[in-house]
Amino acid sequence: MPSNAADKHAAPPAPEPLRVPVADSHTHLDMQSGSVEDALAKAASVGVTTVVQVGCDVRGSRWAAETAAAYDAVHATVALHPNEAPRIVHGDPDGWSRQGAREAGGTAALDEALAEIDRLAALPHVKGVGETGLDHFRTGPEGVQAQEASFRAHIEIAKRHGKALVIHDRDAHDDVLRILKEEGAPERTVFHCYSGDAEMARVCARAGYYMSFAGNVTFKNAQNLRDAVAVAPLELLLVETDAPFLTPAPYRGRPNAPYLIPITVRAMAEVRGIDEDTLAAALGSNTARAFSYPR
Ligand SMILES: [Zn+2]
Ligand SMILES: [Zn+2]
């Protein structure tokens, strides 16, 4: 095979290690190739010593909770992804929920899945409820009702268990902010893969919401994200990979993993005009505070 074709899909090289350790506040190890051990070792070798493993459906949430129980470096969050909730109600759900939907059907299947998320959310290694929220990009009008009901239920679960809420907001800023206000946001709320602009960052800052930036902050066309990084309070900034998605430039399109966090940290430090150690120290303690785990 010509080496160019191989390179396009190969794992990017490890960046220069960070001197101050940080956490990847949002990753999907279960969607990445290779073992959990290798992913954690590779991440730790560049200063990414902690990861938050995010559940997107019942099966993935169970896996996240088990993995967090098995590894000190892993914390879990559990949820039905905003695009998963309508699938459970309307059929075509993934994995575990397929059987549930066939047997129970409609909103009963959603209730059943939510009850399992509620049970998992009580576990000590589960530090957050999410990713939940709204996705107007992938879910059409027919799924809006189920998505909203699921989001509201997750907010209630997070508050009842005193866990962080992890928000997935795709093309739905106003509705997400409105529903958070209507329900009353949990004490600790994280906008994962923050996708708003500077103005929304000011709204989030006033509400005390954490803003977690992913590799797309390095994309040429993402000036709105860099503007948001610039105005967000330092104590509300987080960094994440959302791996295997959103690989930072110049490796866009290649597989992402927690060990690539330093690239995004450096891009954020440059935008804020601060040195990377200062930013990394803030990111490390912010993530521990957001998800309430000891450092
Ligand atoms: Zn997401
Ligand atoms: Zn995600």
Side-chain angles (χ1 to χ4, degrees), residues 26 28 30-31 52-68 76-123 125-186 188-193 195 242 245:
H26 187 114
H28 301 283
D30 51 336
M31 302 179 194
V52 179
Q53 168 65 26
V54 175
C56 292
D57 57 18
V58 166
R59 193 168 53 174
S61 295
R62 282 187 186 137
W63 189 86
E66 285 162 16
T67 306
T77 72
V78 296
L80 310 175
H81 191 281
N83 295 324
E84 173 72 2
R87 278 199 291 263
I88 293 174
V89 172
H90 301 289
D92 186 34
D94 292 333
W96 172 87
S97 35
R98 182 168 296 134
Q99 196 182 357
R102 212 172 33 225
E103 284 167 5
T107 55
L110 180 60
D111 289 345
E112 199 183 315
L114 285 168
E116 178 64 3
I117 297 301
D118 188 1
R119 194 189 68 77
L120 292 168
L123 297 172
H125 299 288
V126 173
K127 301 299 186 191
V129 173
E131 52 186 294
T132 181
L134 301 176
D135 190 323
H136 293 340
F137 181 76
R138 283 205 191 282
T139 293
E142 73 289 346
V144 164
Q145 208 184 349
Q147 195 170 81
E148 231 188 87
S150 176
F151 182 27
R152 290 181 194 273
H154 281 84
I155 296 172
E156 190 275 326
I157 292 170
K159 286 199 285 193
R160 185 155 36 79
H161 292 289
K163 306 283 165 108
L165 182 73
V166 177
I167 303 279
H168 169 105
D169 159 25
R170 188 148 186 206
D171 295 353
H173 306 322
D174 291 347
D175 288 334
V176 166
L177 290 168
R178 171 179 56 81
I179 289 173
L180 280 173
K181 210 169 181 177
E182 286 170 6
E183 295 293 323
R188 292 167 287 118
T189 295
V190 176
F191 274 72
H192 120 75
C193 189
S195 58
D242 200 18
F245 314 108

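Being a predicted model, the structure only gives us computed values, none of them experimental.
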ask   = Does Arg119 have any salt bridge (Lys or Arg N to Asp or Glu O under 4.0 Å) partners at least two apart in sequence or in another chain, and if so, which?
value = Glu116
key: Residues which pass side-chain contact (heavy atoms from CB on, under 4.5 Å) with Ala149, listed by chain and number, not counting sequence neighbours   = none
message = Minimum heavy-atom separation for Ile155 and Leu165, please, with both atom names.
response = CG1-CD2, 3.8 Å
task = Return the set of residues passing side-chain hydrogen bond (donor to acceptor under 3.5 Å, both in side chains) with Ser150 (not counting sequence neighbours), or none when no residue passes.
result = His154
query = Residues two or more places apart in sequence or in another chain: which of them pass side-chain contact (heavy atoms from CB on, under 4.5 Å) with Ala153?
reply = Leu114
Polar side-chain atom of His90 near backbone of Glu142 as donor-acceptor pair, under 3.5 Å = yes
request  = Of all the heavy-atom pairs spanning Thr139 and Pro82, show the shortest one and how long it is.
outcome  = OG1-O, 4.1 Å
ask   = Looking at side-chain heavy atoms only, is the closest gap between Asp57 and Ile88 below 4.5 Å?
value = no
ask   = Is Gln147 close to Asp135 at the side-chain level, that is, under 4.5 Å between some pair of heavy atoms?
value = yes
key: Non-neighbouring partners of His168 that pass ring-ring contact (aromatic ring centres under 6.0 Å, His included), sequence neighbours left out   = His81, His192
task = State, with a plain yes or no, whether a side-chain heavy atom of Glu148 is found less than 4.5 Å away from one of Leu134.
result = yes
task = Quick one: list whatever passes ring-ring contact (aromatic ring centres under 6.0 Å, His included) with Phe151, sequence neighbours left out.
result = none
request  = State, with a plain yes or no, whether a side-chain heavy atom of Ile167 is found less than 4.5 Å away from one of Leu180.
outcome  = yes
query = How many angstroms lie between atom CE of Met31 and atom CZ of Phe245, to the nearest 0.5 angstrom?
reply = 5.0 Å
request  = For Val126 and Ala65, work out which heavy atoms get closest and say how close.
outcome  = CG2-CB, 3.8 Å
With Glu182 via side-chain contact (heavy atoms from CB on, under 4.5 Å) - residues at least two apart = Arg152, Arg178, Ile179
task = May I have the step-by-step check of side-chain contact (heavy atoms from CB on, under 4.5 Å) for Asp175 and His136, ending in yes or no?
result = CA-CA 10 Å; Asp175 288 334; His136 293 340; 2.9 Å; yes
message = Treating Thr132 as the side-chain partner and Ala79 as the backbone partner, does any N or O pair qualify as donor plus acceptor under 3.5 Å?
response = no
query = Which atoms form the tightest heavy-atom contact between Cys56 and Ser61, and what is the distance?
reply = N-OG, 4.2 Å
key: Heavy-atom closest contact (Ala76 atom, Ala64 atom, distance)   = CB-O, 3.3 Å
ask   = Any side-chain heavy atom of Asp30 sitting closer than 4.5 Å to one from Arg59?
value = no
remark   = Hits for salt bridge (Lys or Arg N to Asp or Glu O under 4.0 Å) against Glu66, two or more places apart or cross-chain, chain-then-number order -> none
query = In chain order, what residues pass the ring-ring contact (aromatic ring centres under 6.0 Å, His included) check against His28, with sequence neighbours excluded?
reply = His26
Residue pairs, two or more places apart or on separate chains, that pass salt bridge (charged side-chain N to carboxylate O under 4.0 Å, His left out) and touch residues 155-167 = Asp118-Arg160, Glu156-Arg160
request  = Return the set of residues passing side-chain hydrogen bond (donor to acceptor under 3.5 Å, both in side chains) with Asp111 (not counting sequence neighbours), or none when no residue passes.
outcome  = none
query = What heavy-atom pair brings Val54 and Thr77 nearest, and what distance separates the two atoms?
reply = CA-OG1, 3.3 Å
task = Mind checking side-chain hydrogen bond (donor to acceptor under 3.5 Å, both in side chains) for Thr67 and listing every partner two or more places apart, or none if nothing turns up?
result = none
task = Look only at the side chain of Arg188 and the backbone of Val166, and say whether a donor-acceptor pair between them is shorter than 3.5 Å.
result = no
